[in-house]
Peer 1: 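What follows is a structure written as structure tokens; I'll ask about it next.
We number each residue from 1, following the sequence as shown.
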Amino acid sequence: MLISLFLSLLVSSAIAKDKDVTPPMLTDTKAAEAFIDSAEVVVIGFFEGEESHGYKELVAAVKRVDPIPVAMCAEKEVWADFSITSDTIAVFRKADNHQENLVLTEAKKLETDGLVNFISINELRYITEYNQVTAVGLFNSEVKSHVLLLANRGSKDYTELKQQLGALAPEFTGKFLFVLINGALQSNSRSLGYFGLKSPDLPRVGIYDADSDGKWLLPKGEISTERVREFCQSFLRGDLKEVKEAEAESKTEL
């Protein structure tokens with residue numbers, strides 16, 4: 001009897017979890033706006049119905065992109081408020097106030113793996129860790145100036161500095177993307193070398209401007225919120241001079 005009850009509970013739990021995977025439905029603009037405002041990055045699938053091209057693939061992708069919130073919307077009046085005219089999967093992010101659309105009528109081949117990749121590429125947060133996937137989204141963003149936290153994962157101040165700069169980032173929305181580069185990874189040595197740095201030199205904070213290929217380093221010293229804020233503001237005012245602290249490598253994608 002107890003065994004049967006236990007198995008029944010397990011089955012019920014599994015069914016509940018499967019049901020929970022189904023994204024919520026947004027029925028009006030107010031609900032959509034609240035959903036977009038609920039996290040740094042969210043995804044909304046604008047579909048006419050469950051049989052629409054891409055609907056099932058997005059549902060299948062939900063678990064794999066967790067913890068990014070995902071919702072659906074079938075209301076055409078809501079679509080119009082977000083400039084959506086046909087079935088579309090949109091990534092909304094606060095880091096650069098951007099809406100990245102994947103128009104499904106233009107996608108000849110659509111698979112769950114491709115959707116996961118699309119979402120991951122465009123998952124830019126207030127502070128985004130640099131890797132081969134996020135690099136695509138970072139350099140495709142209209143915001144071309146990046147504040148870089150170069151730090152070694154596992155160092156005593158790594159987590160604190162990441163949180164500190166992540167908290168500062170909203171002040172510069174639309175002006176900078178804040179990027180974390182883990183100097184402990186060999187694959188990031190070229191990024192450090194671009195600033196004339198090596199892993200033992202970290203942590204440091206720099207600015208990279210993709211339009212001019214310019215680079216600037218915050219002078220050595222405490223990495224405080226006040227110093228980084230002033231560093232950013234000085235760049236925006238045009239007061240900074242390009243770093244000549246060390247012989248840096250030639251231009252390369254960070």
Peer 1: Start with the C-alpha gap between R204 and D201, add the side-chain angles, then the distance that decides, and say whether salt bridge (Lys or Arg N to Asp or Glu O under 4.0 Å) holds.
Peer 2: CA-CA 7 Å; R204 296 295 299 273; D201 301 323; over 6 Å; no
Peer 1: Which is it for T29 and E77 under the side chain to side chain contact (heavy atoms under 4.5 Å, CB included) test, yes or no, and what are the steps along the way?
Peer 2: CA-CA 8 Å; T29 299; E77 290 183 3; over 6 Å; no
Peer 1: Given 3.5 Å as the limit, does a donor-acceptor pair link the side chain of N188 with the main chain of I181, or not?
Peer 2: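 A pair under 3.5 Å: no.
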Peer 1: Can you give me the closest heavy-atom contact between V42 and I36, atom names plus distance?
Peer 2: CG2-CA, 3.7 Å
Peer 1: Please name the pair of heavy atoms, one in V41 and one in P69, separated by the smallest distance, quoted to 0.1 Å.
Peer 2: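 For V41 and P69, the tightest heavy-atom pair comes out as O-CD, 3.3 Å.
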Peer 1: Taking F92 as the starting point, is it possible to reach L124 by hopping between hydrophobic residues whose side chains are less than 4.5 Å apart?
Peer 2: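 No, it is not one cluster - the side chains of L124 and F92 are not joined through contacts under 4.5 Å.
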Peer 1: With ILVMFWY side chains joined below 4.5 Å, transitively, what does I121's cluster contain besides itself?
Peer 2: V133, V136
Peer 1: Please report the interatomic distance OG1(T128) to CZ(F178), rounded to the nearest 0.5 Å.
Peer 2: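 Rounded to the nearest 0.5 Å, the OG1-CZ separation comes out at 11.0 Å.
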Peer 1: How about H146 and Y130: are their ring centroids closer than 6.0 Å?
Peer 2: no
Peer 1: First locate atom CD of E171, then atom OG1 of T225, and finally report the distance between them rounded to the nearest 0.5 Å.
Peer 2: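 Result: 8.5 Å between the selected atoms.
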Peer 1: Donor-acceptor pair, distance only, cut-off 3.5 Å: does the side chain of D209 make one with the backbone of S212?
Peer 2: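 Yes.
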Peer 1: Between I84 and F35, is there shared hydrophobic-cluster membership here, with clusters defined by ILVMFWY side-chain heavy atoms closer than 4.5 Å?
Peer 2: yes
Peer 1: Scan side-chain atoms only and decide if E230 and S234 contain a donor-acceptor pair under the 3.5 Å cut-off.
Peer 2: yes
Peer 1: Is there a path from I127 to L185 through hydrophobic residues (I, L, V, M, F, W, Y) whose side chains come within less than 4.5 Å of each other?
Peer 2: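 The answer is no; the residues belong to distinct hydrophobic clusters.
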Peer 1: Any side-chain heavy-atom pair from I68 and I119 closer than 4.5 angstrom?
Peer 2: yes
Peer 1: Ignoring hydrogens and geometry beyond distance, is a side-chain donor-acceptor pair present between T134 and N131 at under 3.5 Å?
Peer 2: yes
Peer 1: Per the salt bridge (Lys or Arg N to Asp or Glu O under 4.0 Å) rule, what does the pair list look like for residues 27-39, sequence neighbours excluded?
Peer 2: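 Residue pairs passing salt bridge (Lys or Arg N to Asp or Glu O under 4.0 Å), neighbours aside: D37-K94.
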Peer 1: Just so I know, are the side chains of S155 and L202 near enough to count as touching, which here means a heavy-atom distance under 4.5 Å?
Peer 2: no
Peer 1: List the steps and the verdict of side chain to side chain contact (heavy atoms under 4.5 Å, CB included) for K175 and L236.
Peer 2: CA-CA 8 Å; K175 299 182 176 70; L236 295 174; 3.5 Å; yes
Peer 1: Could you check whether any side-chain N or O of N101 sits under 3.5 Å from a backbone N or O of A90, counting only pairs where one atom can act as donor and the other as acceptor?
Peer 2: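 No; judged by distance alone, with no hydrogens or angles, the pair does not exist.
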Peer 1: Would you name the heavy atoms of E75 and L26 that are closest together and state the gap between them?
Peer 2: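 Heavy-atom minimum between the residues: CG-O, 4.2 Å.
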Peer 1: Quick check: do M72 and L58 have side-chain heavy atoms less than 4.5 Å from each other?
Peer 2: yes
Peer 1: Could you report the tightest heavy-atom contact between V59 and P23, atom names first, then the distance?
Peer 2: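 Nearest heavy atoms, V59 then P23: CG2-CD, 4.1 Å.
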Peer 1: Are K109 and E111 close enough for a salt bridge, meaning some N to O gap below 4.0 Å?
Peer 2: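 Result for this pair is yes, salt bridge flagged.
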Peer 1: Flag yes if L161 and F231 sit in one hydrophobic cluster, no otherwise; membership is Ile, Leu, Val, Met, Phe, Trp, Tyr, and two members link when side-chain heavy atoms are under 4.5 Å apart.
Peer 2: yes
Peer 1: Under 3.5 Å, is there a donor-acceptor pair between the side chain of T88 and the main chain of S86?
Peer 2: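 Yes, T88 side chain to S86 backbone: donor-acceptor pair under 3.5 Å.
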Peer 1: Just verifying a value: how many Å separate E222 CD and D157 CG, rounded to the nearest 0.5 Å?
Peer 2: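 CG of D157 is found 11.0 Å from CD of E222.
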Peer 1: Is there side-chain contact between N182 and E129, with heavy atoms separated by less than 4.5 Å?
Peer 2: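 Contact flag for N182/E129 side chains = yes.
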Peer 1: Step by step, work out the salt bridge (Lys or Arg N to Asp or Glu O under 4.0 Å) result for K76 and E48.
Peer 2: CA-CA 8 Å; K76 294 292 183 70; E48 289 191 2; 3.2 Å; yes
Peer 1: Ignoring hydrogens and geometry, is there a side-chain-to-backbone donor-acceptor pair from S120 to V116 under 3.5 Å?
Peer 2: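 It does hold such a pair.
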Peer 1: Is the CD atom of E50 crowded by more than 12 outside heavy atoms at less than 6.0 Å?
Peer 2: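 Not more than 12 within 6.0 Å, no.
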Peer 1: Quick one: does any side-chain atom of K144 pair with a main-chain N or O of S141 as donor and acceptor, under 3.5 Å?
Peer 2: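 Yes, the answer is positive, given that a donor and an acceptor are paired below the 3.5 Å cut-off.
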Peer 1: Would you say the side-chain atoms of N122 pair up with the backbone N or O of F118, donor to acceptor, closer than 3.5 Å?
Peer 2: yes
Peer 1: Relative to each other, are the rings of Y194 and Y208 parallel, tilted or perpendicular (30° and 60° limits)?
Peer 2: perpendicular
Peer 1: Examine distances only and state if a side-chain atom of S224 and a backbone atom of R227 form a donor-acceptor pair shorter than 3.5 Å.
Peer 2: yes
Peer 1: Find the distance between CE (M25) and CD1 (I44) and round it off to the nearest 0.5 Å.
Peer 2: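 Between atom CE of M25 and atom CD1 of I44 there are 11.5 Å.
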Peer 1: How about D96 and L177: do any of their side-chain heavy atoms sit closer than 4.5 Å?
Peer 2: yes
Peer 1: Salt bridge (Lys or Arg N to Asp or Glu O under 4.0 Å) for E123 and R125? Distances and angles first, verdict last.
Peer 2: CA-CA 6 Å; E123 186 191 354; R125 297 181 175 274; 2.9 Å; yes
Peer 1: Is the closest side-chain heavy-atom distance between L104 and F47 below 4.5 Å?
Peer 2: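 They are in contact (side-chain heavy atoms under 4.5 Å apart), so the answer is yes.
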Peer 1: With side chain to side chain contact (heavy atoms under 4.5 Å, CB included) as the test, would you mind laying out the steps for V205 and V147 before giving the verdict?
Peer 2: CA-CA 7 Å; V205 170; V147 176; 4.1 Å; yes
Peer 1: Do you know the tightest heavy-atom contact between W79 and C73?
Peer 2: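 Where W79 meets C73 most closely, the heavy atoms are NE1-O, 3.1 Å.
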Peer 1: In the structure I gave you, are the side-chain heavy atoms of L192 and L150 within less than 4.5 Å of one another anywhere?
Peer 2: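 In contact.
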Peer 1: Could you measure the distance from the NZ atom of K63 to the OG1 atom of T112? Nearest 0.5 Å is fine.
Peer 2: 13.0 Å
Peer 1: Any non-hydrogen side-chain atom of N97 less than 4.5 Å from a side-chain atom of T173?
Peer 2: yes
Peer 1: Any idea which heavy atoms bring Y158 and L180 closest together, and the distance?
Peer 2: OH-CD2, 3.1 Å
Peer 1: Just say parallel, tilted or perpendicular for the rings of F46 and F82, cut-offs at 30° and 60°.
Peer 2: tilted
Peer 1: Verify, without hydrogens or angle tests, whether R64 (side chain) and L115 (backbone) share a donor-acceptor contact under 3.5 angstrom.
Peer 2: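 Here the side-chain-to-backbone pair does not exist.
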Peer 1: Kindly assign one of parallel, tilted or perpendicular to the pair F235 and F176, based on the angle between their ring planes and the thresholds 30° and 60°.
Peer 2: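 Ring orientation, 0 to 90° scale: tilted.
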Peer 1: For the atom pair CH2 (W216) and OG (S145), what is the distance rounded to the nearest 0.5 Å?
Peer 2: 7.0 Å
